[in-house]
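Per chain, numbering begins at 1; letters A, B, ... match sequence-line order.
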Amino acid sequence: MKRVVFFCAAMASAMFSLSDGGAARAENAGAPSPPAGWEAPPPLAKAPSEKAPKNKKPESPACCKFDSTCCSRQTTVDTFVPPRPARVFDVRLADLPEAVIKEAAKDGPPIAGAPSPKVTDDGGRPFPWPGGPQGYLVHIVPPGRYGSIKTSDWWANYFEEPEYRGMGAGEVRTITKESAKDRGVGLLYIPVEFQSFAKGEGDKIAFDDVKGRLEGSPEVKATYWMHVEAANVAAGIVHGYRGPYEGEPRASFLLPEVILGFESKDAKTVGGFFPSRFSNTVSFTMYHLPLGPGRSGLVNGKIDERQIHRWFPRPKGAEALPSAFQIVLATSQTSVEAEPRVRVMFVLR
Amino acid sequence: MNARSAFTSTLALALGLVSLGCSSKEKSDTGKSEAFDAKSSAPKASSSAAQDATPPRCVAKAGKRITRASAGGASSAVELVRAGERVLALVADQDARALHVVDTASMRELSVTPLEGKPGHVLALASGLVAIGLQDKGRVVLLEPTDDALDKPFEERCAADVAAEPHALAESTERLFVTSGFGAGLSVLGQADLAKQRFVPLPREPRALILTEGGEMAFVSHAVGGIVSAVDLKDDTKPPTSISLLAGRRVNEKFEFDDKSPRLASQGHALARIVGKRNDGKDDVVRIFAPHTSIDPGAPAMGPTISYGGSGQGPRTMAPLVSVVDPGALRSITNHVAGVFDDNLAQECLLPRGAAADADGLFVVCLDIDAVIEMDPWMGDPSAGERRRIALPAGPSSISLAADGKRLFVWSEMDRALTRIERADFALTSVPLWRRAGEAPDPKIERGRRLFHTTRDVRIAMGRACASCHPDGRDDGLSWTSPDGLRQTPMLAGRLDGAAPYGWYGEHETVRVHLNNTFARLGGTGLEKTSEDDFEALLAYVASLPPPPKEKPSEPDLVDRGKQVYVAYGCAGCHPGGGTDNKVHDVGSGKTGERKSEFDTPSLRGVRGSAPYYHDGRYSTLDELLSAKDQRMFAGTLSGPDKKALLVYLETL
């Protein structure tokens, strides 16, 4: 399924700011003498990457005696810790299952077999409601454990677990006086789109993307349905599949909510959280990276253990991960390469 | 130039120039092919090759004592060769003008060969000879080891003049390829006699060179300009292809993407490659890596900025970038630079100077942070896939990967040390190499050299080095937004002495004052407050920068005539001897809104290699400048022959 190509085993302790790998100066005893007209230079002031002596307080930058701004900035530079990869996953194209897309013909019958949203009233009773829906609201949610749904202009997030429901409870419709008369059927004449994530076979995630209409019942009259069992490609945190997105071939990845970072121009993102966008918490993140000769794409984002905890359980025996790290996803292919390279990296920054 | 004197001089010289124009020889369109000595230069009298009169001259007399032991890829100042059972490192040492031989097992220096000039790269040829370009001599020499142990100096077998500043080397089917930095081109020589076969003019400052496996294509990086040139070696009639390196999206002052003024690439000193199975089944180059720096020189439309370039918002002005060049489609597949969003105070690789790669890793040598960074080669921008950072002696500038992939060797030019890196465990061994007796480097200049090339000193700048805009002390070929408007980066090397005042408005009486102003504009806290010694050291280094090497004039008659035009049109009034009159002038170049209309007269030394021109870089070539209708440097219009002659003369300055 996947190949781990690089792994710093003792993740926390072996992470280095600057690898030293046992630096040494060459032994010069018995070395040839310089010929006439040449001289041996003085030895190096210090061997490369010599570690600072233990228990020695780091020296302040020299400019600290004169300039507080310089001191502050120079200290930041001097103590900078470079990014260190904790895990790197080489994902083969064959590792990524292909999404199956069905589209109904214009004015043709709806797609058979498409999943439908779950519809309940405030009492948690599913449709149908012989006496009409109870309470104030009818809840229309994706069928899976996480997702988002839209019946009007706005997407609504959804978490199945009650403890996270406050962060996303799906779509609602207000029960009216007419609802008692028509047993709530009138509330269910609406367009609907949803993305749903459910546990799939083994450590896969079943992903459904559905567009259609409800016409008096929760059963969707689907005009578009994409389904895939996304494969676990990185420690149960990242699942991937192949499929078109916005008309282009893509490597798509499903993740828990992440704090979005960099996105290359050709990469597309759905979900995620980016504070400066004033978005609310979401239940998932999807990245769609370009595939094909001459294409490349890259995204990164930050994730922490709270977000991982809210997601599908990781496979049994999965190795421990840092409490917070950066995720990097990248695709690239030159025109002479037979297939694209897909990378997933967990990076400590 | 004084317009009135120019007008009278023009009249006086008009007749004389007509006759000169009729007698001058025709020159090639490019003028570059004439950069060669028509005959390969004869070996020096002192060399043993002088006794060998029968062609081919360039052969190993004693047979093949060495074979190349570096992995394929770009040449470097470090070359690995196998001699018997041993693997030896050959190190081209610019400062000591020497070729060192180091045993890679014991890391002991075995011998040193003095050279008559400053070497660029070194390449072991299939013939058993070693090729070296002497940058300050404009010459390529082929040397031969004189003993099996390589513990004696090499001997020169033959040499040939090439375009100025030979840098990188490559060979294929008995041909030798040489890039020339200031000579701006790729020379193709026959290995048997170093006879010129072809000269391909290229854009400014070619540096690293890589060939495809069959030698059908050459790829050349450029220190400035943000391109990689692809040269078809099968078809002499095809012009080189310029592959633009996409350096990411600019973010404007409103924190929106500004795709009309994209970021630009610079600092293309290195190339590396991976050879693998292509989709046509052949084993050949599948990826070429071009380490660069992504820069935001600012959008001219936004007017003055508080610093040089940038938008004052978000992304850093300079960020590390490794572009992946598609060797089939001849384009960069990299369209993103994640590093632009890193902090300015992060230690990033902004002065990449060397690179080596195989399928397991890409190694980029970073002059500014004294480190080599291992990256994941299978990403669109490998710099986003940093795996490991290895600290090295100061000034790492060249790297060589052993053919078996197990060891890397890095030359650190400031500490003058060769470092061996064991790839299995990243154990390091460093050895300083011999230097010429009595030629210990000036510690003040050496200190200044380090300050000039560091991006880690916040007194100088926030996240950039002097060398970021002045690679090799020259210029980056860019115009930057600044508090004064758009400003072209001036060349420093060889142009500072006696060139006061400084700055485009000529407002600074000394380099020191000008540097203080520059530090402030770059967000630096300044050197004056903290270390007078460091300030003096930086000034000493800047003053010591040698001017670019001069090209040997190919058409002396035309040069003479150009010199007369130079005088006749009054150029010498403001640029005496190609220098400066130390004054400011209004030559009509100021634009509406600029706070002054008079600009400092720049020195013209090395002017042919310092495009673009005018204070705001509005003219991309000298020809364009001399043909401009809005220029007021001289009266009237240059005739075609006069302009041609003047251009040829300017190229000699």
Side-chain angles (χ1 to χ4, degrees), chain A residues 6 18-28 31-32 34-35 37-44 47-49 62-63 65-67 69-70 73-74 76-78 80 82-83 85 88 90 261-262 264-266 293-298 300 328 330-338 341 343 345, chain B residues 106-110 112 151 249 277-279 284 286-287 324 326-329 331 333-336 338 341 345-347 371 376 378-381 384-393 415-417 419 422 425-437 456 458-459 525 529-531:
Chain A
F6 182 80
L18 220 52
S19 169
D20 67 353
R25 276 165 281 197
E27 269 306 322
N28 275 323
W38 295 84
E39 63 187 14
L44 292 172
S49 295
C63 70
K65 295 176 192 164
F66 310 99
D67 184 339
T69 304
C70 177
R73 290 179 183 173
Q74 194 64 54
T76 304
V77 169
D78 293 350
F80 172 74
V88 180
D90 178 17
F262 175 81
S264 64
K265 190 175 178 181
D266 291 349
R295 306 292 304 275
S296 77
L298 183 141
N300 66 39
V328 179
T331 56
S332 63
Q333 183 183 10
T334 65
S335 67
V336 294
E337 290 170 339
R341 295 284 181 157
R343 280 284 197 266
M345 298 176 75
Chain B
S106 65
M107 287 300 278
R108 289 173 176 167
E109 183 161 3
L110 302 179
V112 61
D151 58 6
R249 305 173 80 184
K277 190 70 77 184
R278 285 191 177 199
N279 47 18
D284 208 332
V286 293
R287 284 188 182 212
V324 177
D326 184 333
R331 55 183 289 270
I333 68 165
T334 307
N335 63 357
H336 48 271
F341 291 100
L345 300 177
Q347 289 191 41
D376 187 330
W378 300 111
M379 297 175 71
D381 173 10
E386 177 171 337
R387 289 176 182 166
R388 183 184 295 265
R389 195 175 288 209
I390 304 150
L392 293 167
D415 270 345
R416 305 193 64 260
T419 299
E422 300 287 352
D425 58 4
F426 290 89
L428 310 181
T429 308
S430 292
V431 57
L433 302 187
W434 298 334
R435 64 189 188 195
R436 289 177 186 258
R456 294 183 292 182
V458 302
R459 298 173 303 169
T525 58
K529 273 194 286 189
T530 59
S531 173

Quiz item: When you measure from the side chain of B:Thr419 to the backbone N and O of B:Ser430, does any donor-acceptor pair fall under 3.5 Å?
Solution: no
Taking C-beta and beyond as the side chain, do [X] and [Y] meet within less than 4.5 Å on heavy atoms?
X: B:Trp378; Y: A:Asp90; result: no
X: A:Pro32; Y: B:Arg108; result: yes
X: A:Leu298; Y: B:Met379; result: yes
X: B:Asn335; Y: A:Asp266; result: yes

Identify which of [options] forms the greatest number of heavy-atom pairs closer than 4.5 Å to chain A.
options: B:Ser531, B:Ala437, B:Ala329; result: B:Ala437
options: B:Arg287, B:Lys277, B:Arg416; result: B:Arg287
options: B:Ala417, B:Ala346, B:Gly385, B:Pro327; result: B:Ala346
options: B:Ile333, B:Asp151, B:Leu110; result: B:Ile333
options: B:Arg436, B:Arg435, B:Lys529; result: B:Arg435
options: B:Asp381, B:Leu433, B:Asn279; result: B:Asn279

Self-check item: Which atoms of B:Val324 approach chain A - backbone, side chain, both or neither, heavy atom under 4.5 Å
Solution: side chain
Practice problem: Measure distances from B:Arg456 to the heavy atoms of chain A and classify the residue's part below 4.5 Å as side chain, backbone, both or neither. | Solution: both
Quiz prompt | Partner set under side-chain contact (heavy atoms from CB on, under 4.5 Å) for A:Thr69, not counting sequence neighbours | solution = A:Asp67, A:Arg73, B:Thr525
Exercise. Report the distance from atom CZ of A:Arg343 to atom OG of A:Ser332, rounding to the nearest 0.5 Å.
Key: 8.5 Å
Quiz item: Roughly how far, to the nearest 0.5 Å, is CZ of B:Arg389 from CZ of A:Phe80?
Solution: 5.5 Å
Look at [options] and state which one has the largest set of heavy-atom pairs under 4.5 Å with chain B.
options: A:Ala62, A:Ala330, A:Ser264, A:Ser335; answer: A:Ser335
options: A:Ala40, A:Cys63, A:Pro42, A:Gly294; answer: A:Gly294
options: A:Pro293, A:Gly297, A:Pro41; answer: A:Pro41

Exercise. Would you mind checking which part of A:Val77 comes under 4.5 Å of any heavy atom in chain B, side chain (CB onward), backbone (N, CA, C, O), both or neither?
Key: both
